[in-house]
S.K.: 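The following block contains the structure, expressed as structure tokens.
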Amino acid sequence: MAGWSIWDHGAVPVSGKRFRGPIQEHRENPETRINFTGLFNHILHSCSERQRPPISGFHGNESFPSQNGYVNTIYEIESGVLGHLTPDIGNPFPFSSETKHGSSSNAGALNPFSSERKLESPLDNYLSNPCSSEINCESLMKTRSSGRKREAQLSSDSPNPFSSERNQESTLNLIHWLRKVAENPCDPSSDQKQGWYGELLAQNLRAREALFLNIQNASCVEEYPYQKKAAKSSRRAIPPSTRSQRDYLSQPSSLLSSTKPDQPNQSVQRSQRLMTYLKINSDKPRKRVPVDPFFQADVPEWTEPSRKRARSTNEQNTLDDSRWLGTRVWPIEGLNLTIDQGLIGKGRPDRCSCTQPGSVQCARVHVAESRQRLRSELGPAFDKWGFNDMGEEVAMNWTLKDEQSFTSLVRLNPISKKKRFWMPLVMRFYDKTKESLVSYYFNVFVLRRMSFQTRMAYGKVDSDDDEGGVRDLQRAILSESYVQRGVP
Amino acid sequence: MDTGGSSLPSGPDGVKRKVSYFYDPEVGNYYYGQGHPMKPHRIRMTHALLAHYGLLHQMQVLKPFPSRDRDLCKFHADDYVAFLRGITPETQQDHMKALKRFNVGEDCPVFDGLYSFCQTYAGGSVGGAVKLNHRLCDIAINWAGGLHHAKKCEASGFCYVNDIVLAILELLKQHERVLYVDIDIHHGDGVEEAFYTTDRVMTVSFHKFGDYFPGTGDIRDIGYGKGKYYSLNVPLDDGIDDDSYQFLFKPIMAKVMEVFQPGAVVLQCGADSLSGDRLGCFNLSIKGHAECVRFMRSFNVPLLLLGGGGYTIRNVARCWCYETGVAIGVEVDDKMPQHEYYEYFGPDYTLHVAPSNMENKNSRQLVENIKVKSLQNLSRLPHAPSVPFYERPPDTELPEEDDDYDRKEERLESDHLNLDTEMGELKHSNEVIWYPDRKSIPSIQNIRPKKAIGEAELKDENQDDRKEVVENVRCMDIETEENLGSKSSEPVLVETDQPRSNITEP
């Protein structure tokens with residue numbers, strides 16, 4: 001069983017069943033992931049098929065089979081995006097109905113050549129389903145750039161100064177422009193904010209917003225109403241200039257910190273270091289707390305219990321509560337025991353007069369003495385707390401032969417060999433209760449095993465290593481010298 | 001014994017508390033199965049140790065009343081409880097669908113007596129809550145409880161029934177606000193989830209975060225709706241030692257106690273945060289772990305101590321025995337008395353074990369940042385929640401209530417991504433307003449919670465904390481300026497800062 005071996009490493013799989021919704025499954029399917037790096041390279045490569053732009057750090061894929069012009073490149077990219085997104089075109093992401101409508105209306109965009117909306121649809125499609133891929137921060141950065149670059153290429157179809165000539169200069173200009181926009185899409189120094197530029201800007205912001213929402217919304221929206229709202233608001237796509245400052249800052253797009261009024265020109269990077277410090281830069285999608293009466297406890301509103309009402313319900317409550325208080329075992333009513341307060345919290349004496357201090361025999365003697373004292377202190381509570389069934393004395397009810405069988409069965413069925421001793425034990429000791437088997441295991445078997453481990457100087461004593469030292473214990477029990485009946 | 005706590009003048013910390021301790025003698029014989037790390041036997045070991053240290057004499061010891069179906073259904077779904085009642089190892093093969101549905105099988109196996117085990121440990125926790133409600137004791141202990149992963153209709157992480165939620169629901173009958181603190185190494189997800197949307201229960205969890213079960217407990221998870229800012233998560237990394245832990249625990253809990261003012265506190269003392277735990281990866285000593293108990297005890301608020309995780313069972317028994325001593329006010333000897341399970345504690349047979357020399361991956365910078373962030377979240381808590389407010393006249397310009405929450409949530413989240421915003425707001429909250437400044441919002445100027453204590457006084461009391469936070473912020477600024485290059489050192493004051501306005505939420 002998968003879960004069992006994991007315990008030993010401490011790392012239990014983080015995916016809970018609750019969160020394994022369609023999104024998660026989709027996210028876990030590598031087929032449906034967007035290859036952002038590839039996309040990015042593809043765009044840049046295609047841009048520069050005639051003249052490689054002098055962008056440092058850019059490594060185009062030489063073997064990329066693209067011989068088309070700009071427009072075709074765009075189509076390829078779109079197909080690429082769609083190709084990766086299409087596996088979940090049935091919209092596994094239960095967005096609001098608004099979004100569902102959006103994605104169905106975009107169905108025609110599957111074929112980029114068949115629709116009038118072919119140029120804008122992929123982005124819309126992508127925006128409508130921003131959570132359809134696993135995106136970590138790193139890939140996000142790349143995506144943001146690639147998205148923006150793609151938009152810039154879209155612009156090459158339109159009458160704009162960069163697309164009229166396909167020469168080296170225009171490519172360079174384009175790349176520079178791209179980089180500029182990529183660095184700071186909201187730079188007010190970019191002279192044109194009207195017309196198609198404004199459109200692009202809005203689209204750009206929308207893309208950025210949606211991509212950032214991805215980090216937040218890495219879970220099933222149906223379970224998280226606040227994210228549903230957020231997703232909705234991300235689709236409003238109001239250009240920042242049309243919003244009031246207050247509105248704008250409180251919208252998710254306030255993520256675009258560079259648009260803050262007091263810092264208009266700063267492109268702000270996120271501190272990877274801080275994110276690491278706060279441990280929020282995990283590659284894994286954030287696991288969110290579901291909000292629904294299905295998950296939360298029903299907490300009544302607080303009302304100051306008025307005396308009248310308190311009296312009427314109190315009788316009932318008192319009955320109920322007195323039961324809840326349980327059975328008092330200690331202090332025993334009517335029994336006046338005098339306890340030496342000086343002994344409270346005291347441990348064992350520093351030394352003993354045994355001939356072999358620290359030996360198994362020595363320990364047994366002192367445990368027996370200690371038990372005797374406890375019995376006299378506790379009186380009837382000794383039995384009530386089950387002290388009769390604690391410690392090695394439990395073996396008193398077992399014959400030597402049974403003890404030997406028990407030890408053998410445990411030794412022969414180690415879990416490390418995918419064997420289980422429980423059923424063989426139950427079958428072998430059909431005349432004993434299961435409780436008595438468990439009791440023997442913890443009170444006698446494990447105790448003796450540890451006693452052996454300690455004294456055989458294995459170096460490491462582990463109360464929770466179920467297998468170590470069993471062979472020696474078995475040998476000792478077989479020799480009969482170890483198991484001495486009765487308490488000395 | 002200087003505790004550094006915040007004892008009230010009427011009850012100094014040294015005063016003995018009345019302690020009730022719940023123990024069922026059957027609990028040790030429940031067995032999750034071969035190789036399973038969860039061993040209820042550890043509770044029997046703890047009990048034996050307590051008896052031989054003489055600590056039982058100092059407490060009222062009770063055998064819990066087992067919870068009935070309808071008691072468990074106060075939180076759990078009926079069908080889930082019915083399933084737990086009916087399932088046995090023999091019949092589980094016939095209920096594969098239900099097993100899967102309720103997440104029972106692997107981590108949470110079906111074993112003999114499963115349901116009575118649940119009834120027992122839940123009964124102890126609820127019993128403790130009832131004891132506290134009736135003021136029959138100051139501290140109630142149930143080491144069998146604290147199974148914090150269980151969900152409303154799902155088992156999780158060795159937990160079937162969430163006794164903590166049931167106990168808190170019981171405490172809520174008598175107390176307006178209940179605080180839940182979780183020092184298990186795993187995130188207390190079940191409790192957080194159950195009370196994620198209420199302001200009557202605040203949950204605070206200190207846990208290992210990052211590639212670790214259960215995966216929740218992000219510092220950005222702060223609650224939702226009315227419960228916003230009433231969930232606090234303190235994510236930690238491997239190898240945290242006593243000093244780093246207390247560096248976070250004490251100021252955070254002191255602030256929580258001050259701002260939230262709970263009527264009762266539930267402390268889950270999962271012992272898997274101890275050094276050398278079979279499943280854990282922290283490096284706390286028993287004294288460091290128990291310091292949390294000592295600190296929470298020092299507030300003189302009714303306290304429910306519960307067990308939880310802990311998979312190196314001899315250390316669990318050591319820890320809970322020592323913490324029982326802390327609750328009573330007895331410092332127990334290091335040299336363990338000879339008792340039934342003496343041989344489990346070889347070769348030293350001592351109560352305390354030295355922490356390992358493992359690396360503490362929580363750098364000073366990390367813990368300081370976490371502290372700043374946590375205190376920042378706490379600063380957004382209005383004092384004395386759950387107090388009725390006057391209706392605020394509807395403001396047509398304001399978006400609908402839920403949207404408002406959403407935006408705040410987004411903003412908070414964006415803070416993490418956007419360092420600049422974060423720093424700006426942090427300064428804002430520290431230098432301009434630490435506590436919600438109602439006066440700055442004209443429309444709610446006269447609205448004050450009935451219980452609100454003199455704010456000026458509280459502000460003064462927090463001068464030290466504020467200084468500390470501001471200093472930390474400055475440290476972070478230096479850090480971040482390196483990363484950001486040019487950055488305005490002026491605080492970013494955003495008039496539209498929303499969190500303050502949430503005091504107007506009903």
S.K.: Using a cut-off of under 4.5 Å on heavy-atom pairs, state which of B:Tyr30, B:Tyr21, B:Tyr23 scores highest against chain A.
M.R.: B:Tyr23
S.K.: Could you tell me which of B:Glu170, B:Glu192, B:Met45, B:His52 has the largest number of non-hydrogen atom pairs under 4.5 Å with chain A?
M.R.: B:His52
S.K.: Within a strict 4.5 Å, meaning less than it, do heavy atoms of the B:His41 and A:Asn443 side chains meet?
M.R.: yes
S.K.: Do you know which of B:Val332, B:Val130, B:Leu172, B:Thr350 has the most heavy-atom pairs with chain A at a distance under 4.5 angstrom?
M.R.: B:Val130
S.K.: Is A:Leu374 close to chain B through its backbone or its side chain, or both, or neither, when contacts mean heavy atoms under 4.5 Å?
M.R.: side chain
S.K.: Between B:His175 and A:Trp302, is the ring centroid distance below 6.0 Å?
M.R.: no
S.K.: Report the C-alpha separation of A:Leu447 and B:Tyr344 in whole Å, then their side-chain angles, then the decisive distance to 0.1 Å, and conclude whether the side-chain contact (heavy atoms from CB on, under 4.5 Å) test is met.
M.R.: CA-CA 6 Å; A:Leu447 189 93; B:Tyr344 273 80; 3.5 Å; yes
S.K.: With a 4.5 Å cut-off on side-chain heavy atoms, are B:Lys173 and A:Pro300 touching?
M.R.: no
S.K.: So which residue, A:Ser439, A:Ala381, A:Gly386, A:Gly358, ends up with the most heavy-atom pairs under 4.5 Å with chain B?
M.R.: A:Ser439
S.K.: Please report the interatomic distance CG(B:Asp221) to NZ(A:Lys287), rounded to the nearest 0.5 Å.
M.R.: 11.0 Å
S.K.: Among B:Ser67, B:Gly124, B:Gly28, who wins on heavy-atom pairs under 4.5 Å with chain A?
M.R.: B:Ser67
S.K.: How long is the straight-line distance from CG of A:Asp292 back to OH of B:Tyr224, given to the nearest 0.5 Å?
M.R.: 11.0 Å
S.K.: Given B:Asp218 and A:Arg288, is the side-chain contact (heavy atoms from CB on, under 4.5 Å) satisfied, shown in steps?
M.R.: CA-CA 9 Å; B:Asp218 194 299; A:Arg288 300 297 298 264; over 6 Å; no
S.K.: Looking at every heavy atom in both A:Thr454 and B:Pro347, which two are closest together, and how far apart are they?
M.R.: CG2-CA, 3.5 Å
S.K.: Give me the one residue out of A:Arg449, A:Arg455, A:Arg364 that meets side chain to side chain donor-acceptor pair (under 3.5 Å) with B:Glu343.
M.R.: A:Arg455
S.K.: Start with the C-alpha distance between B:Leu55 and A:Ile344, add both sets of side-chain angles, then the distance that settles side-chain contact (heavy atoms from CB on, under 4.5 Å), and finish with yes or no.
M.R.: CA-CA 6 Å; B:Leu55 298 181; A:Ile344 306 292; 4.1 Å; yes
S.K.: Grab the two heavy atoms, one from B:Gly35 and one from A:Ile415, that are nearest each other, plus how far apart they are.
M.R.: CA-CD1, 4.0 Å
S.K.: Is A:Lys346 reaching over with its side chain to a backbone N or O of B:Gly54, donor-acceptor style, under 3.5 angstrom?
M.R.: no
S.K.: Ignoring hydrogens and angles, tell me if any N or O in the side chain of B:Lys335 forms a donor-acceptor pair with the backbone of A:Pro349 under 3.5 Å.
M.R.: no
S.K.: Are any side-chain N or O atoms of A:Lys384 and backbone N or O atoms of B:Pro25, one a donor and one an acceptor, separated by less than 3.5 Å?
M.R.: no
S.K.: Which one, A:Thr327, A:Val299, A:Val367, leads in non-hydrogen pairs under 4.5 Å with chain B?
M.R.: A:Thr327
S.K.: For the interface with chain A, which of B:His339, B:Glu26, B:Arg44, B:Lys131 has the highest count of heavy-atom pairs at distances below 4.5 Å?
M.R.: B:Arg44
S.K.: Quick one: pull up CZ in A:Phe294 and NZ in B:Lys152 and give me the separation to the nearest 0.5 Å.
M.R.: 8.5 Å
S.K.: With heavy-atom distances below 4.5 Å as the criterion, would you say the side chains of B:Asn29 and A:Phe442 are in contact?
M.R.: no
S.K.: So, are A:Arg371 and B:Glu340 salt-bridged, with charged N and O less than 4.0 Å apart?
M.R.: yes
S.K.: Are any side-chain N or O atoms of B:Gln34 and backbone N or O atoms of A:Asn413, one a donor and one an acceptor, separated by less than 3.5 Å?
M.R.: yes
S.K.: Quick one: closest heavy-atom pair of B:Leu56 and A:Trp330, and the distance?
M.R.: O-CD1, 3.2 Å
S.K.: First locate atom OH of B:Tyr341, then atom CE of A:Met390, and finally report the distance between them rounded to the nearest 0.5 Å.
M.R.: 5.0 Å
S.K.: Side chain, backbone, both or neither: which part of B:Gln60 has a heavy atom under 4.5 Å from chain A?
M.R.: both
S.K.: Working to the nearest 0.5 Å, report the span between OH of B:Tyr349 and NE2 of A:His366.
M.R.: 11.5 Å
S.K.: How long is the span from the CG atom in A:Asp298 to the CZ atom in B:Phe75, to the nearest 0.5 Å?
M.R.: 11.0 Å
S.K.: Looking at B:Ala48 and A:Phe387, what are the two nearest heavy atoms and their distance?
M.R.: CA-CE2, 3.8 Å
S.K.: Could you give me the CA-CA distance, side-chain angles and deciding distance for B:Lys63 and A:Trp385, then say whether side-chain contact (heavy atoms from CB on, under 4.5 Å) is met?
M.R.: CA-CA 9 Å; B:Lys63 185 183 173 189; A:Trp385 282 326; over 6 Å; no
S.K.: Less than 4.5 Å to any heavy atom of chain A: does that hold for the side chain of B:Leu136, its backbone, both, or neither?
M.R.: side chain
S.K.: Look at A:Ser436, A:Gly345, A:Gly391, A:Ala363 and state which one has the largest set of heavy-atom pairs under 4.5 Å with chain B.
M.R.: A:Gly345
S.K.: Over 60° means perpendicular and under 30° means parallel, so classify the ring planes of A:Trp422 and B:Tyr31, tilted if in between.
M.R.: tilted
S.K.: Can you find a pair of side-chain heavy atoms, one from B:Lys151 and one from A:Phe295, that are under 4.5 Å apart?
M.R.: no
S.K.: Do side-chain atoms of B:Arg220 reach the backbone of A:Arg286 as a donor and acceptor pair under 3.5 angstrom?
M.R.: no
S.K.: Evaluate the side-chain proximity of B:His57 to A:Leu378: yes if any heavy-atom separation is below 4.5 Å, no if none is.
M.R.: yes
